[in-house]
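These notes concern the structure reproduced below.
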Amino acid sequence: MYRTLFPSDVFADLDRLQRQLLRYGGPTTSIRGIGRSGFPALNVGTTPTSIELYAFAPGLEPASIDVSIERGILTLAGERKSELPKEGAKAAVHINERVSGNFRRVISLSDDIDPDSATAKYNDGVLHISIKRRSAAIPRRIDIR
């Protein structure tokens, strides 16, 4: 008698498990479904002379975002208002995937940054923060004579 390695309904079991995980874990903000990492989504990178941070926060007013640096900690905080119908209205919400409410992201920075050189620009829903490194921390080549 021939036996298969997997039972015939293994794919149905995997599908059921995935649906249960999504139900308990909530919707994800990642296109790959890896997991909810927070709002706003961040990209952080470095150059030899600066730290570059991009926060993706469409639909927010720049004045509603609080950016601060204290003791090497960068904090982004604010609130995204809900645009759903109010309770009691004769309207129903069927799908709500947009994150709303208060948010706060905290990023630990390296010791070689100059907080006084930080600049922030908001354009088309993307907040770009650039923080220069101290000149003593920038690697430089020393010529040998």
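Note that this is a predicted model, so its numbers are computed, not measured. The analysis underlying the following values was restricted to heavy atoms, covering all of them including side chains, and did not include hydrogens, waters or symmetry mates.
For the atom pair OG (Ser50) and CD1 (Ile113), the distance works out to 11.5 Å, reported to the nearest 0.5 Å. The line from CD1 of Ile129 to CD1 of Ile69 is 7.5 Å long, rounded to the nearest 0.5 Å. A distance of 5.0 Å separates CG of Leu42 from CD1 of Ile107, quoted to the nearest 0.5 Å.
A donor-acceptor contact shorter than 3.5 Å links the side chain of Ser64 to the backbone of Glu61. No donor-acceptor pair closer than 3.5 Å links the side chain of Arg80 to the backbone N or O of Gly59.
Clustering ILVMFWY residues whenever any of their side-chain heavy atoms sit less than 4.5 angstrom apart, transitively, puts Ile73 in a cluster other than the one holding Ile65. Hydrophobic clustering (side-chain heavy atoms under 4.5 Å, transitive across Ile, Leu, Val, Met, Phe, Trp, Tyr) keeps Leu74 apart from Val126.
The minimum heavy-atom distance between Asp114 and Ile131, with the atom names listed, is O-CG2, 3.7 Å. Arg105 and Pro40 get closest at one heavy-atom pair: NH1-O, 2.7 Å. Between Tyr122 and Pro62, the shortest heavy-atom contact is CD2-CG, 3.4 Å.
Phe56 meets the ring pair (Phe, Tyr, Trp, His ring centres under 6.0 Å) test with no other residue; sequence neighbours excluded. For Ser130, the side-chain hydrogen bond (donor to acceptor under 3.5 Å, both in side chains) partners at least two apart in sequence or on another chain are Glu52.
Residues Ser110 and Ile51 have side chains in contact (heavy-atom distance under 4.5 Å, counting atoms from C-beta outward). When side chains are defined from C-beta on, Leu127 does not count as touching Leu60, because their heavy atoms never get closer than 4.5 Å. You'll find the side chain of Asp66 stays beyond 4.5 Å of the side chain of Thr75, heavy atoms only.
Using bins of under 30°, 30° to 60° and over 60° for the plane-to-plane angle, the ring pair Tyr54/His128 lands in the parallel bin.
Remark: Arg133 engages Asp112 in a salt bridge, criterion side-chain N to carboxylate O under 4.0 Å.
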